[in-house]
Amino acid sequence: MEYDFRAIEQKWQQEWVRRGTYKVTEDPDKPKYYVLDMFPYPSGAGLHVGHPLGYIASDIVSRFKRLQGYNVLHPMGYDSYGLPAEQYAIQTGQHPAVTTAKNIARYREQLDKIGFCYDWDREVRTCEPGYYKWTQWAFIQMFNCYYDNQADKARPIADLVARFEKQGTEGLNVCCTEELSFTAAEWKAKTEKQQQETLMNYRLTYLGDTIVNWCPKLGTVLANDEVSEGLSIRGGYPVEQKLMRQWCLRVSAYAQRLLDGLERIDWSDSLKETQRNWIGRSEGTEMQFKVKDSDVEFTIFTTRADTIFGVTFMVLAPESELVPVLTTPAQQAEVDSYLDAVKKRTERERQADRRVTGVFSGSYAVNPLTGQAIPVWISDYVLAGYGTGAIMAVPAHDSRDYAFAKHFNLPIIPLIEGCDVSEESFDAKEGIMMNSGFLNGLTVKEAIQRTKQYVTEHHLGRVKVNYRLRDAIFSRQRYWGEPFPVYYKDGMPYMLDESRLPLELPEVSDFKPTAQGEPPLGHAKNWKTPEGYPLELNTMPGFAGSSAYYLRYMDPHNDQALVSKEANDYWQQVDLYVGGTEHATGHLIYSRFWNKFLYDLGYVCQDEPFKKLVNQGMIQGRSNFVYRIKETNTFVSYGLKDQYETTAIHVDVNIVSNDVLDIEAFRAWNPEYQTAEFILEDGKYVCGWAVEKMSKSMFNVVNPDSVVEKFGADTLRLYEMFLGPLEASKPWDTNGIDGVHRFLKRLWNLVAAGDGFAFSDEKATAAELKSLHKLIKKLTWDIEHFSFNTAVSAFMICLNELGKCNKREIIQPLIVLLTPFAPHICEELWQASGGEGSVCDAQWPVCNEAYLVENTAVYSISFNGKTRFTMEFPMDATAQEIEAQVLANEQAQKYIEGRTPRKVIVVPKKIVNIVL
RNA sequence: GCCGGAAUGGUGGAAUGGUAGACACGAAGGACUUAAAAUCCUUUGGCCAUCGCGGCUGUGCGGGUUCGAGUCCCGCUUCCGGUACCA
């Protein structure tokens with residue numbers, strides 16, 4: 001009987017659906033295990049072979065855990081709001097919901113063909129009202145909370161209001177946009193609108209003024225990568241920096257907890273490090289500087305308070321609110337023209353063009369320690385969004401300040417003994433202080449501590465921790481996203497009552513912005529509350545829907561709660577999360593934030609959402625080339641191309657096999673090549689190759705369907721794992737796929753006989769049992785350690801060792817072991833071998849170490865590190881016994897030649913080294 | 001610039017400090033076939049060899065630790081990711 005993978009795979013995929021094999025319910029009697037894939041955005045291009053890599057790995061773990069007796073939650077869904085569907089809608093008029101549904105259907109079809117064990121009853125789609133109800137709900141909860149630094153958690157905003165009524169801001173220690181100060185009486189005197197405005201300063205979702213790239217012609221905010229040289233990429237319209245009122249998420253409130261939480265989760269060091277850098281904790285000092293001949297004071301942040309004696313100028317960010325205050329009339333014109341120039345520059349240009357620019361404000365600050373007057377400059381190398389948007393510049397010990405000082409000819413005062421600042425600054429935090437008054441003679445590290453102390457004692461400032469992590473801008477001027485559950489009254493936003501959720505995305509006549517420059521929702525009819533209040537026109541960004549989806553899978557049909565307490569208590573958190581590193585500073589920060597917020601409010605029982613995270617590597621494309629001889633339609637094979645002058649041309653990898661071109665398919669591929677001639681080597685046309693990004697234009701996109709069609713899903717699954725370590729990036733290269741396909745065929749042929757199967761009931765030999773149990777042991781270890789490539793090899797080794805063995809006693813457990821990797825063939829063989837039910841419900845075999853025990857071990861005998869011969873010893877021989885026997889050995893004596901060995905080393909790894 | 005990760009045959013890749021190159025692809029040779037496909041067997045890092053004895057050499061480069069280093073330490077080179085005026 002042939003291994004007809006098409007029939008087998010189709011049969012079992014239908015059977016699994018019919019039997020509900022992968023349906024999961026909470027079962028308190030079984031230990032749980034939650035395996036999650038990062039859900040995909042269903043793009044129009046469908047899946048390529050890179051996508052399933054992580055899905056296959058997680059599927060293997062899910063099936064493995066299930067065979068081990070765990071109750072495994074392994075769901076899948078779609079991140080189905082997003083820009084591409086909307087862009088497509090603008091171009092074609094096709095409703096994004098329609099394209100999205102179509103793409104999802106295509107994804108599902110592709111996923112089904114690979115044989116995943118998802119419980120599709122738990123599918124979620126972020127664009128469905130039943131789902132985004134809970135995204136909106138979470139937004140409301142955040143709006144109604146503030147962050148209490150004392151309690152170190154989010155608390156209801158009502159508590160804050162109560163506090164304001166009692167004692168105003170006195171003794172307040174909370175997260176806010178701006179430090180405010182008012183009394184209880186002042187609070188009560190505020191109008192409703194003023195109170196609401198004040199609370200905005202504390203809410204976890206708030207309307208905040210943010211600088212964005214605004215394109216008036218397109219009527220939308222653009223991301224930095226959508227802007228180049230001050231023009232929009234799409235259309236080439238001018239873009240300006242604009243302060244806009246946007247919804248923001250106070251992610252920064254959780255900065256320290258996001259940092260601390262990393263200690264308790266099992267993620268790769270590199271990913272944790274990326275998050276640490278992104279959060280960017282920095283301990284320093286905030287210092288007050290008085291402005292000369294004025295009452296104005298301002299605050300700067302520095303990590304090098306020790307260099308205070310070397311400050312030769314101050315710098316303000318152009319957007320700083322101090323700029324208008326400190327600009328003197330004499331400098332007004334110059335400052336205005338500088339600010340104008342800066343305003344036109346985008347973030348991107350600012351990054352690309354590092355030329356030193358700046359302007360003198362006309363004012364002087366007073367060094368709080370020396371009393372010296374120091375000029376205050378304005379420059380865009382200081383960022384408004386970090387620290388206080390103002391710095392003290394110490395050119396001798398900061399390279400940026402140094403460049404600025406050199407350019408504008410400002411003084412440079414070295415503060416560390418022996419440092420040379422004639423060519424560049426000395427940025428290292430080491431050495432002995434000089435020119436620094438009371439700090440002289442201290443090391444830099446001592447000086448930092450001493451200055452902190454001094455500044456605090458003399459009330460010149462305070463010790464402060466800053467984070468690089470910014471609040472997330474949460475508004476998009478887009479159609480295809482979650483509507484905000486927000487209406488406006490008297491210009492102030494209010495949350496819809498939860499009973500009105502979900503607030504469904506309305507139909508619009510046009511997906512473009514309105515003529516008035518409003519977001520697309522401005523086209524919606526009756527976009528207001530029943531009371532007539534206008535609803536928010538912005539929609540939420542892509543990461544909104546993906547921030548809590550893992551919780552929804554626990555209880556996907558619940559319309560009373562995001563997740564019931566019972567379901568959450570049972571599933572707790574994701575045990576294994578598999579996905580790409582590209583989400584390190586986006587989704588993986590936001591969902592940790594979101595989860596911690598829900599944890600604070602008691603809606604979830606775990607502080608961290610993802611216990612263990614594994615990043616699968618990217619699958620790159622492997623492009624193939626043909627070489628056309630210049631000015632001809634003749635193509636020369638790779639090995640001979642150097643004899644001609646040729647042009648390399650990308651050729652569709654799907655008509656190339658093992659780097660050999662299918663010439664007929666090539667002629668048919670493009671009319672241009674219909675009459676092509678070929679210069680072959682060994683009767684074949686060999687193509688060149690290169691590793692490139694997988695993309696249509698390189699003709700190197702391989703989709704899983706074509707592989708499944710040709711080799712079957714089981715082969716695809718095995719091969720993707722066999723390709724190399726899961727976490728490594730590697731090119732998709734089908735050159736080795738025959739190997740794993742052959743492995744499956746060999747296994748099949750072992751038990752296939754005539755029209756049926758033949759399993760032998762003969763007792764297994766010791767050698768066969770040893771092979772099997774070696775495999776059990778290695779596989780268990782490999783799957784637990786995500787070493788899937790060596791796991792696949794282990795099967796091949798085992799099969800090689802077993803030879804022609806078709807004994808049920810050996811093959812049946814082997815089928816169970818293979819099930820996570822190649823479930824379809826295993827179901828078929830399991831049934832053929834007389835196994836009960838589905839192999840998915842079988843039991844993972846346990847390694848019996850007794851079969852692995854060796855009676856004797858072969859030792860390599862080396863002299864001065866060179867292996868000369870081998871000897872056999874009983875397993876339990878002691879080092880002393882081995883040493884004595886080796887030295888007495890006749891052959892050894894030949895090498896020793898009467899000398900006394902200086903040292904004899906017996907290594908448990910079966911090596912004896914004799915040093916002469 | 002800073003932070004990660006990597007470098008092993010023709011190729012993908014194995015190797016708790018212990019026989020480097022498992023496993024697989026490719027290639028070469030052979031068996032079975034009229035033939036091809038499929039399948040099976042043998043060889044396969046390089047160099048030398050009186051090719052079935054054996055020898056030398058070999059994990060990006062230069063040092064070091066060790067009886068012993070692909071693996072650990074120090075110093076480089078190259079490549080790939082991430083991040084970037086964060087004071």
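Keep in mind that this is a model prediction, so the values were computed, not measured. The sequence lines fix the lettering, A, B, ..., with proteins before strands; numbering per chain opens at 1.
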Closest to the [X] side chain: [options]?
X        : options                : answer
A:Arg468 : B:rA87, B:rU39, B:rU83 : B:rU83
A:Ile391 : B:rA87, B:rC40, B:rU39 : B:rA87
A:Thr302 : B:rG13, B:rG26, B:rA87 : B:rA87
A:Phe722 : B:rG12, B:rA87, B:rU83 : B:rG12
A:Glu273 : B:rA87, B:rU83, B:rC3  : B:rC3

Just by distance, do the side chain of A:Arg717 and the backbone of A:Pro820 share a donor-acceptor pair under 3.5 Å?
-> yes

What contact category does [X] fall into here, base, sugar-phosphate, or nothing, at under 4.0 angstrom with non-hydrogen atoms?
X        : value
A:Arg622 : nothing
A:Arg276 : nothing
A:Pro725 : sugar-phosphate
A:Asn749 : nothing

Paired with [N]: which nucleotide, if any, by Watson-Crick or G-U wobble criteria at under 3.5 Å for both distances?
N      : result
B:rA87 : none
B:rC51 : none
B:rU77 : B:rA7
B:rU39 : B:rA31
B:rC2  : B:rG82
B:rG21 : none
B:rG68 : none
B:rC56 : B:rG46

Per the glycosidic torsion and the 90° limit around 0, nucleotide B:rC51 is syn

Distance check: side-chain N/O of A:Tyr386 vs OP1/OP2 of B:rA87, anything under 4.0 Å?
-> yes

Is the phosphate of B:rG12, meaning OP1 or OP2, less than 4.0 Å from a side-chain N or O of A:Lys730?
-> no

Neighbour count >12 (heavy atoms, 6.0 Å) for atom CD, A:Glu424 = no

In a check of side chain to side chain contact (heavy atoms under 4.5 Å, CB included) between A:Phe711 and each of A:Val740, A:Thr734, A:Leu718, A:Asp738, which one passes?
-> A:Asp738

Please give, in whole Å, the distance from [N] [atom2] to [X] [atom1]?
X        : N      : atom1 : atom2 : answer
A:Glu727 : B:rG4  : CD    : P     : 17 Å
A:Trp278 : B:rU83 : CH2   : P     : 7 Å
A:Asn789 : B:rG21 : CG    : C1'   : 15 Å
A:Tyr467 : B:rU83 : OH    : P     : 22 Å
A:Leu726 : B:rG12 : CG    : P     : 19 Å
A:Asn277 : B:rG4  : CG    : P     : 8 Å
A:Leu383 : B:rC85 : CG    : C1'   : 6 Å
A:Met796 : B:rG13 : CE    : C1'   : 12 Å

How far, in whole Å, is B:rG70 from B:rA20 if one measures between their P atoms?
-> 9 Å

Determine the Euclidean distance between corresponding C1' atoms of B:rC48 and B:rU42; express it in Å to zero decimal places.
-> 23 Å

Upstream residue (5' side of RNA chain B) when A:Leu723 and A:Ser793 are each assigned their closest nucleotide = A:Leu723

Please figure out whether A:Thr274 or A:Thr388 has its closest RNA chain B nucleotide nearer the 5' end.
-> A:Thr274

Heavy-atom closest pair (A:Tyr590 atom, A:Ala472 atom, distance to 0.1 Å) is CE2-CB, 3.5 Å

Close aromatic pair by centroid cut-off 6.0 Å: A:Phe404 and A:Phe313 | yes

Give me the one residue out of A:Phe821, A:Phe743, A:Trp732 that meets ring pair (Phe, Tyr, Trp, His ring centres under 6.0 Å) with A:Tyr719.
-> A:Trp732

